[in-house]
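Note sheet for the following structure.
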Amino acid sequence: MRLSKFFLPTLKETPADAAIASHQLMLRAGMMRQESAGIYSWLPLGFRVLKKVEQIVREEQDRAGAIEMLMPTIQPAELWRESGRYDDYGDEMLRIRDRHDRELLYGPTNEEMLTSIFRNFCKSYKELPKLLYHIQWKFRDERRPRFGVMRGREFLMKDTYSFDLTEEDAIKSYNKMFVAYLNTFARMGLKAFPMKAETGPIGGDLSHEFIILAENGESEVFCHRDLLEIPAPGLDVDFNGDLQGIVDERTALYAATEDVHDAEAFAAIPDDKKVSARGIEVGQVFYFGTKYSEPMKAKVSHPQNGEVPVHMGSYGIGVSRIVGGLIEAFNDDAGIIWPRSVAPFDVGILSMRPGDDATDAACEDVYCKLKAAGLDPLYDDTKSSAGAKFSQMDLIGLPDQIIIGPRGLKQGVVEVKDRASGERVELSTDDAVAEIIRRHSQAVL
RNA sequence: CGGGGAGUGGCGCAGCUUGGUAGCGCAUCUGGUUUGGGACCAGAGGGUCGCAGGUUCAAAUCCUGUCUCCCCGACCA
């Protein structure tokens with residue numbers, strides 16, 4: 001993409017309404033624009049990151065055996081009366097009436113709808129287990145939206161729902177999602193730790209939140225330091241095999257959010273292993289048994305016992321929230337520093353002097369070769385000053401930059417800069433291209 | 001929802017106390033000079049001061065109402 005053709009409205013000054021780094025940087029980097037409290041337009045740069053995050057989530061769901069589908073944003077109130085949550089959900093639920101005065105709502109989650117779909121089509125234990133998911137916009141009318149996309153009212157979420165015959169089988173589904181989450185976050189360069197969590201309005205008795213540590217985290221978390229050292233299981237894990245060991249290893253050590261914190265258990269941890277920090281929740285897994293299948297009559301025929309309600313779980317990942325979380329985790333004074341797997345472009349090409357024949361030719365050459373190699377470069381071919389280009393490129397945080405100008409070209413070199421470390425090396429154009437390709441071939445997992 | 005704060009060109013802000021017909025920086029446009037860390041000079045365009053009422057000869061400024069946004073708290077992906 002040529003910057004002259006792209007839409008990248010970056011801001012030099014920090015907008016007054018934004019209080020934390022991720023919110024400020026998303027606005028400054030031209031990633032989004034606020035339309036109303038907690039509601040945002042995703043501008044092209046932000047949209048690219050959102051799509052990258054979404055795609056990683058999708059790939060890891062598919063790998064774990066979950067099946068993708070799509071349910072609507074608007075749901076009938078009827079469904080929620082069945083589960084009893086229409087009244088329970090309160091003002092967080094955005095209620096709507098259509099022209100026929102029918103009661104609708106903008107979905108805050110989809111347990112009811114998928115339970116209803118399941119019961120309609122699945123009548124036998126032979127259909128089980130099932131793991132179904134979708135990635136859809138949701139709305140929760142928060143009393144106080146804040147922190148940009150980290151706590152918006154409208155948000156993109158992946159939610160998976162599991163259906164099993166027994167609790168024992170349901171735990172296996174739970175474990176699949178647990179393991180898939182570890183890999184999902186690791187692929188984004190995030191260190192997300194499973195912590196015991198409250199089950200909240202979704203209900204149930206087994207739940208973990210996946211937390212990334214960040215200074216501006218919404219909640220206080222406590223855990224054993226060794227938990228932070230356990231690597232992700234890796235993409236070669238067998239989802240049809242026994243995952244209990246992987247889960248046990250990561251749930252044996254103390255880790256809890258403030259809501260379920262056990263001061264006594266925490267006190268038992270050696271002082272040098274105690275971690276007390278702030279965290280951002282990026283995902284949560286729940287097992288809630290027959291909480292919805294019972295009242296909504298989602299039953300299957302059992303081999304021996306007639307009809308039984310299915311055991312269910314639900315598993316969410318806050319896709320849009322992660323974009324903010326990533327920036328909280330990866331930024332410096334100059335701006336954002338994207339992990340390669342989620343960067344909006346793979347590399348920036350900065351022309352120090354557009355219009356200079358040698359510079360133009362070298363830029364075109366590098367741009368074409370990177371594209372031919374399957375990379376996605378952003379070529380700053382605009383006429384703005386060198387300093388402005390450096391600042392803007394640092395701000396939007398592409399992992400690598402290739403700086404091309406007459407000064408270097410006289411010596412036969414261009415400059416390759418690593419955004420994260422700031423380290424620069426001078427290379428020939430071909431070596432620079434090779435170096436960028438090399439850096440991008442190193443996957444996180 | 002309780003407490004606090006703010007709405008003035010695209011962005012960041014001043015002006016309001018003590019009413020007199022709107023200003024600064026950035027951005028934008030034109031011309032010229034520049035050209036490797038947010039360039040310089042000259043000129044230009046752009047705002048009925050959130051909205052509605054009221055007071056007054058006169059309201060961004062004073063009064064009333066209302067909407068919106070932000071921060072702290074409680075609550076939550």
Side-chain angles (χ1 to χ4, degrees), chain A residues 9-20 23-24 27-28 30 33-39 57 89-93 107-110 135-159 181 197-202 207 209-212 218-219 257-259 279-286 314-325 333-335 350-356 359 380 382-395 401-411 413-415 417 422 424 426:
Chain A
T10 55
L11 269 31
K12 199 172 192 172
E13 284 166 297
T14 301
D17 284 351
I20 63 168
H23 190 191
Q24 292 172 349
L27 293 169
R28 285 193 56 211
R33 187 182 81 140
Q34 179 165 324
E35 302 298 350
S36 176
I39 300 178
V57 170
Y89 228 94
D91 291 337
E92 305 272 291
M93 181 184 278
T109 179
N110 290 68
I135 300 173
Q136 176 63 290
W137 291 91
K138 300 193 182 324
F139 196 94
R140 290 183 195 171
D141 199 359
E142 297 283 343
R143 280 180 183 145
R144 190 187 154 207
R146 63 185 118 170
F147 304 149
V149 298
M150 301 248 291
R151 177 93 183 268
R153 290 194 291 172
E154 189 184 40
F155 54 96
L156 186 63
M157 190 169 169
K158 184 286 300 178
D159 41 327
Y181 277 26
E198 237 178 11
T199 50
I202 292 173
S207 178
E209 285 185 7
F210 285 73
I211 302 277
I212 59 175
E218 64 216 315
S219 56
T257 60
E258 57 192 332
D259 304 323
I280 298 166
E281 184 195 338
V282 287
Q284 186 162 11
V285 289
F286 295 96
S314 75
Y315 316 89
I317 291 182
V319 175
S320 51
R321 161 179 279 200
I322 284 175
V323 177
D333 289 345
L350 287 75
S351 172
M352 290 295 93
R353 198 168 307 173
D356 174 73
T359 305
D380 186 348
T382 65
K383 295 218 185 328
S384 57
S385 72
K389 290 186 179 189
F390 288 133
S391 298
Q392 182 173 251
M393 198 58 79
D394 285 350
L395 173 62
Q401 301 171 12
I402 303 182
I403 300 154
I404 302 175
R407 201 179 74 185
L409 290 175
K410 270 182 211 155
Q411 320 300 321
V413 296
V414 298
E415 216 171 337
K417 176 182 161 183
R424 298 147 167 263
E426 293 194 330

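Chain naming here is simple, since letters A, B, ... match the order of the sequence lines and numbering starts at 1 in each.
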Just to be sure I understand the rule, does [X] reach a base, reach only the sugar-phosphate, or reach nothing, if contact means heavy atoms closer than 4.0 Å?
| X | result |
| --- | --- |
| A:Asp394 | base |
| A:Ala388 | base |
| A:Gln34 | sugar-phosphate |
| A:Gly318 | nothing |
| A:Ser320 | nothing |

Any donor-acceptor pair under 3.5 Å joining the side chain of [X] to the base of [N]?
| X | N | result |
| --- | --- | --- |
| A:Lys417 | B:G37 | yes |
| A:Glu13 | B:G25 | yes |
| A:Arg151 | B:C75 | yes |

May I have the distance from [X] (atom [atom1]) to [N] (atom [atom2]), rounded to whole angstrom?
| X | N | atom1 | atom2 | result |
| --- | --- | --- | --- | --- |
| A:Gln284 | B:C76 | CD | P | 11 Å |
| A:Arg153 | B:C75 | CZ | C1' | 15 Å |
| A:Arg28 | B:C11 | CZ | C1' | 11 Å |
| A:Gln24 | B:G12 | CD | P | 12 Å |
| A:Arg143 | B:C70 | CZ | C1' | 18 Å |

[atom1] gap between [N] and [M], integer Å:
| N | M | atom1 | value |
| --- | --- | --- | --- |
| B:C63 | B:U17 | C1' | 16 Å |
| B:U21 | B:U66 | C1' | 26 Å |
| B:C71 | B:U28 | C1' | 32 Å |
| B:C29 | B:G45 | P | 16 Å |

Can you run down the side-chain hydrogen bond (donor to acceptor under 3.5 Å, both in side chains) pairs that involve residues 143-152 of chain A, sequence neighbours left out, and say none if there aren't any?
-> A:Glu142-A:Arg151
Report yes if the side chains of A:His23 and A:Pro15 come closer than 4.5 Å at any heavy-atom pair, otherwise no.
-> no
State, yes or no, whether a side-chain contact exists between A:Ile403 and A:Phe390 at a heavy-atom distance under 4.5 Å.
-> yes
Scan every strand shown for a Watson-Crick or G-U wobble partner of B:A22, both distances under 3.5 Å, and answer none if you come up empty.
->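 Looking at the geometry, B:A22 pairs with no nucleotide.
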Answer yes or no: is there an ion pair linking A:Asp394 with A:Lys417, defined by an N-O contact shorter than 4.0 Å?
->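 A:Lys417 and A:Asp394: salt-bridged.
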